[in-house]
2 protein chains.
Amino acid sequence: MAYEGRLFAALADPTRRAIFERLAERRHSVAELARAVPVSQPAISQHLKVLKEARLVRDEPDGARRIYSIDPKGLGPLRRWLDRFWDDQLAAFTVAVEDKDDQ
Amino acid sequence: MAYEGRLFAALADPTRRAIFERLAERRHSVAELARAVPVSQPAISQHLKVLKEARLVRDEPDGARRIYSIDPKGLGPLRRWLDRFWDDQLAAFTVAVEDKDDQ
DNA sequence: TACCTTCATAAGCCATGATTTATAATAAGC
DNA sequence: GCTTATTATAAATCATGGCTTATGAAGGTA
């Protein structure tokens, strides 16, 4: 309920969204992501740290590698935050339409 | 379809989310927002500019004032972006549960 | 042991952005 | 026309954040 900030901040960066979208397709090691996304490996690690703290990704060890994947429940708070405004928005939309009819 | 970036960036700032949530309840003039949110009036105007460019709010003149309200369709792209991952996430969740059963 | 791979962290740099004060522009009321 | 209220913009400051290179730690392999 106070996680929206971290979620929005994590997803605001285009590189981080690229990483997240890659992981949504399949799991990746850090090196795989570094090959796929045009930034250095340390940059990838730093982005993964942010995504992990936002609970958007998980990691698990695999020998010397570390496999990152999407945290299934990660986008839940974002969706709930969005739903808070969904009804309000529909109402506002209705009002907007009525306002237009007035003209 | 390329607006997610602006949307996430706009909503990443806590002050901007506070403004957006106030507007979700009812329309406000700039001065009203400046009284409700603990930043200066120019800061409010600048935040409103960002929110407007992200198509999250609208404004209309009312004499010397300017009334800001939520743009009804503003969160649409965000919801669509979210839905892109919803099925993926459910699948990932299923896999995660199965993986746990394996242990 | 030595070597190679993989990853995370530290340090430094640079750009962006959130904020403030000052100021200009527009509208309303006297 | 003058003053007041309301809002937007300009300029300056300061903090944050994303990126790089360098380095160290941990695992695998000969």
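Every chain is numbered from 1 and lettered A, B, ... according to where its sequence line falls, protein lines coming before strand lines.
Put simply, A:Ser29 has no side-chain N or O that comes within less than 4.0 Å of OP1 or OP2 on C:dT6. The phosphate of C:dA18 (OP1 or OP2) has a side-chain N or O of B:Arg16 nearer than 4.0 angstrom. Between B:Ser45 and D:dT7, a side-chain N or O to OP1/OP2 separation shorter than 4.0 Å is absent. For B:Tyr68 and D:dA8, the shortest distance from a side-chain N or O to OP1 or OP2 is below 4.0 Å.
Each of D:dT20, C:dT19, D:dA8 was ranked by its minimum atom distance to the side chain of B:Thr15; first place goes to C:dT19. Ranking D:dT20, C:dC7, C:dA18 by closeness to the A:Val30 side chain, first place goes to C:dC7. In this structure, of D:dT6, D:dT20, C:dA22, it is D:dT6 that holds the atom nearest to the side chain of B:Ala64. Looking at the side chain of A:His47, the nearest of the listed nucleotides D:dC19, C:dT9, D:dA8 is D:dC19.
Contacts of A:Pro61 with the nucleic acid, taken as non-hydrogen atoms under 4.0 Å apart, are absent. Across all strands, A:Ala31 comes closer than 4.0 Å only to sugar-phosphate atoms, never to a base (heavy-atom distances).
Between B:Arg55 and B:Asp71 there is no salt bridge, since no side-chain N of the basic residue sits under 4.0 Å from a carboxylate O of the acidic one. A salt bridge links A:Arg84 with B:Glu21: the distance from a Lys NZ or Arg NE/NH1/NH2 to an Asp or Glu carboxylate oxygen falls below 4.0 Å.
When rounded to the nearest whole Å, the span between CD1 of B:Ile44 and C1' of C:dT20 equals 13 Å. Between B:Leu48 atom CG and D:dT9 atom P there is a gap of 11 Å when expressed in whole angstrom units. Atom-to-atom, NE2 of A:His28 to P of C:dT6 comes out at 15 Å; the value is rounded to the nearest Å. One interatomic measurement links the two molecules: CD of B:Gln41 to C1' of C:dA24, which rounds to 12 Å at whole-angstrom precision. The separation between A:Arg65 atom CZ and C:dA8 atom C1' is 17 Å, rounded to whole Å. Rounding to whole angstrom units, NZ of residue B:Lys49 and C1' of C:dT16 are separated by 15 Å. Between the CG atom of B:Leu11 and the P atom of C:dA18 there is a distance of 12 Å, given to the nearest Å. Put simply, CZ on A:Phe8 is 19 Å from C1' on D:dG17, counting in whole angstrom units.
Place A:Asp62 and B:Gln46 on DNA chain D by their nearest nucleotides, and B:Gln46 ends up nearer the 5' end. The nearest heavy atom of DNA chain D to A:Ser40 and to A:Gly63 marks one nucleotide each, and the one closer to the 5' end goes with A:Ser40.
Side-chain atoms of A:Asp62 never come within 3.5 Å of backbone atoms of A:Arg65 as a donor-acceptor pair (strictly under, hydrogens ignored).
By the neighbour-count criterion of 12 heavy atoms within 6.0 Å, atom CZ of A:Arg79 is densely surrounded, having more than that number from other residues, nucleotides or ligands. Within 6.0 Å of the CZ atom in B:Arg66, the count of heavy atoms belonging to other residues, nucleotides or ligands exceeds 12.
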